[in-house]
Protein chains: 2
Amino acid sequence: MTIHLAETGADGSLKACTHDYQVNCGNCRLNSICLPLALETDDIQQLDDIIQRSKPLQKSQHLYREGDDFQSVYAVRSGTLKAYKTTDDGREQVTGFYFPGEILGMDGISNNAHASSAKALETAAVCEIPFTALERLSSLMPNLQRHFFQLMSREITEDQQLITLLSKNSADERVAALMLSISNRNARRKLSATQFRLPMSRVDIGNYLGLTVETVSRVFSRMQKMEVLQVDNKEIEILDTAGLQNMANLTG
Amino acid sequence: MTIHLAETGADGSLKACTHDYQVNCGNCRLNSICLPLALETDDIQQLDDIIQRSKPLQKSQHLYREGDDFQSVYAVRSGTLKAYKTTDDGREQVTGFYFPGEILGMDGISNNAHASSAKALETAAVCEIPFTALERLSSLMPNLQRHFFQLMSREITEDQQLITLLSKNSADERVAALMLSISNRNARRKLSATQFRLPMSRVDIGNYLGLTVETVSRVFSRMQKMEVLQVDNKEIEILDTAGLQNMANLTG
DNA sequence: TGCTTCACTTGATTCACATCAAGGCTGTAA
DNA sequence: TTACAGCCTTGATGTGAATCAAGTGAAGCA
């Protein structure tokens, strides 16, 4: 079950939320995989104090856009977002998908402006973490500083994985790798590793993986024929995890 | 003129260097683009105290290898290095080239183990920056913490550039983009933006850009025919910067 | 000095994926 | 219920870069 946290006024516009839905880092069921991960109870409270939870998003609404002033990073609380850049000939490059417990917006730190745009793929709730406050807190809490360095470092290694995928792997391998990645991220949140609903369109998948929609569709068909995957529109069931891993042929 | 800082014993093996070549962050001519960039004189001294300069590398020698314990990040003082990952079917993926003033090794933070290997493309000198000491210092110096966050963020945005390049651009565009990148990085160090020697092989270029050697070679030939570039083995002269930028057709 | 090796170039052929084109399915609104 | 719009699938054809195959040139070594 998904809890919808978004609120809109009668005109459909977003209302500022003053209450906090009784959610805080201390009781959030994502805290073991999210930013508070490395902290003691007292410290979690302090982190909680700087976090703002006033940003529920409707499907296809932007969290921030490329070029916006950088103020905060964001933790996903529910729903899914995609990050993307727009090339100057107007095309899109999807640079990542963000699931609950994951942090996005860190690419804005270097230039004090967001280097990519972020858009909700479905109704999504995020925790806003003002960056200057986070910096201040990080100076005081070595564990938090360390953890945030690690988060950024992980973003780097994940990007490098994608670089390798794009540069060395076939269409089949790329799609298989993405399915396994989503499966793993579901497992981390104690959800099914074998059955899930894709929050993104075939276009987004193709865009992320450097493929066309048609190719993505054909790969899914092929995988279904090989009885590795059961595909029903956005509903995915992994029938043969070992087969899928084999197909992905990933970097160790 | 390049100053060679490496020292080898009579047997060609690397000697530990006890003296420091009178180099320190305060007088290093790269300090305006390197880690000390954001610091006051006093703070630079403190940063300098934790830095170790005992690691000159010969061509093709490793600075660290994928899987090695992560202890330090490194600033390039002279020469060039490449970072690469090995896929489990034994192939290489070059993930970056590092020129003087640039920092490498940050991908090791997330898992306390280096996520890639780093190898000298020519004789190279690096400054080793032990990470725990850097963390401690960062807690005390907000500017240093900020700057290091920015460096990591830049690595992320650069990786995203490469992702876009690999996913959306043709062979010509990729090679043009790399030439422009090297040109810009030279300019930053007050070297010629239009004439330089490539420190890496065609294989490395192709590997980095997701192309074969043959394709890279053909692109260079084509660019030469179009009088955009003068190519003499590793010596490059950019004849028509605007034409090259046009050819690169990059993301804004 | 010539030999060997490695890096690079060039040409011919092949192939994986893009592109072009058409049709089917799903969800929403009147 | 129909109608429309988006999204997805499938098929036919085209193409840019990979692969295969020879060279050529430059660097290191005996």
Side-chain angles (χ1 to χ4, degrees), chain A residues 12 58-60 82 87 89 91-94 119 121-123 165-179 197-226 229-236 247 249, chain B residues 12 58-60 82 87 89 91-94 119 121-123 165-179 197-226 229-236 247 249:
Chain A
Q58 300 300 333
K59 179 174 175 168
S60 90
K82 72 167 174 183
T87 62
D89 51 348
R91 288 176 306 173
E92 246 180 49
Q93 172 65 43
V94 174
K119 190 191 238 185
L121 292 172
E122 58 196 323
T123 305
L165 200 66
L166 291 171
S167 158
K168 294 268 181 304
N169 294 83
S170 68
D172 286 2
E173 290 166 338
R174 295 183 207 181
V175 174
L178 178 60
M179 293 304 107
R197 182 180 173 78
L198 295 176
M200 72 292 283
S201 68
R202 300 285 193 272
V203 175
D204 285 335
I205 293 175
N207 196 318
Y208 177 68
L209 296 175
L211 302 169
T212 58
V213 213
E214 293 95 326
T215 300
V216 173
S217 183
R218 279 185 249 270
V219 172
F220 276 137
S221 301
R222 221 174 296 151
M223 285 176 164
Q224 182 144 281
K225 197 166 292 168
M226 293 170 70
L229 227 60
Q230 181 66 244
V231 184
D232 177 17
N233 201 3
K234 304 211 164 182
E235 294 295 337
I236 300 289
M247 206 160 163
N249 189 30
Chain B
Q58 299 300 333
K59 178 172 177 170
S60 90
K82 72 168 175 182
T87 62
D89 50 350
R91 288 177 305 174
E92 245 182 49
Q93 173 64 43
V94 174
K119 190 192 239 187
L121 293 172
E122 56 196 324
T123 306
L165 200 67
L166 290 172
S167 159
K168 294 268 181 304
N169 294 84
S170 68
D172 286 1
E173 290 167 337
R174 294 183 207 181
V175 174
L178 178 60
M179 291 306 107
R197 182 183 172 76
L198 295 175
M200 72 292 282
S201 69
R202 299 286 192 273
V203 175
D204 286 334
I205 293 175
N207 196 318
Y208 176 69
L209 296 174
L211 303 169
T212 57
V213 213
E214 293 95 325
T215 300
V216 173
S217 182
R218 279 185 249 270
V219 172
F220 275 136
S221 301
R222 223 174 293 152
M223 284 176 165
Q224 181 143 281
K225 199 166 292 169
M226 294 170 69
L229 227 59
Q230 182 64 245
V231 184
D232 176 16
N233 203 2
K234 305 212 163 181
E235 294 296 336
I236 300 288
M247 205 160 165
N249 190 30

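Basis for what follows: all heavy atoms, side chains included, without hydrogens, waters or symmetry-related copies. Letters A, B, ... mirror the listed sequences (proteins, then strands); counts begin at 1.
- Between the two ends of the helix from C:dT1-D:dA30 to C:dA30-D:dT1, each summarised by a five-pair axis, the helix axis turns through 40° (rounded to 10 degrees).
- Across all their heavy atoms, B:L166 and B:Y208 have their closest contact at CD2-O, 4.1 Å.
- Under the 3.5 Å distance criterion, with hydrogens and angles disregarded, a donor-acceptor pair is assigned to the side chains of B:T87 and B:D89.
- Between B:N207 atom CG and C:dA7 atom P there is a gap of 14 Å when expressed in whole angstrom units.
- Checked by atom type and distance alone, the side chain of A:E122 never pairs as donor or acceptor with a backbone atom of A:P199 at under 3.5 Å.
- Smallest separation of non-hydrogen atoms from A:M200 and A:I205: CG-CG1, 3.5 Å.
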With B for base contact, S for sugar-phosphate-only contact and - for none (protein heavy atoms under 4.0 Å), nucleotides 11-28 of chain D reads BB----SSBB--------
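- Taking every heavy atom of both residues into account, B:M247 and B:M223 meet most closely at CE-CG, 3.5 Å.
- Nucleotide C:dC17 holds its P atom 16 Å from the NZ atom of B:K168, rounded to whole Å.
- For the pair B:F220 CZ and C:dC8 C1', the interatomic distance rounds to 11 Å; values are reported in whole Å.
- Protein atom NZ of A:K234 is 18 Å distant from nucleotide atom P of C:dC25, rounded to whole Å.
- Sorted by first and then second residue, the salt bridge (Lys or Arg N to Asp or Glu O under 4.0 Å) pairs involving residues 197-207 of chain A (not counting sequence neighbours) are A:K82-A:D204, A:R197-A:E235.
- Taking atom CD of B:Q224 as the reference point, atom P of C:dC8 lies 15 Å away to the nearest angstrom.
- Between A:V175 and A:L211, the closest side-chain pair of non-hydrogen atoms falls below 4.5 Å.
- Atom-to-atom, CZ of A:R202 to C1' of D:dC8 comes out at 7 Å; the value is rounded to the nearest Å.
- In this structure, the side chains of B:Q230 and B:I236 stay at 4.5 Å or more apart for every pair of heavy atoms.
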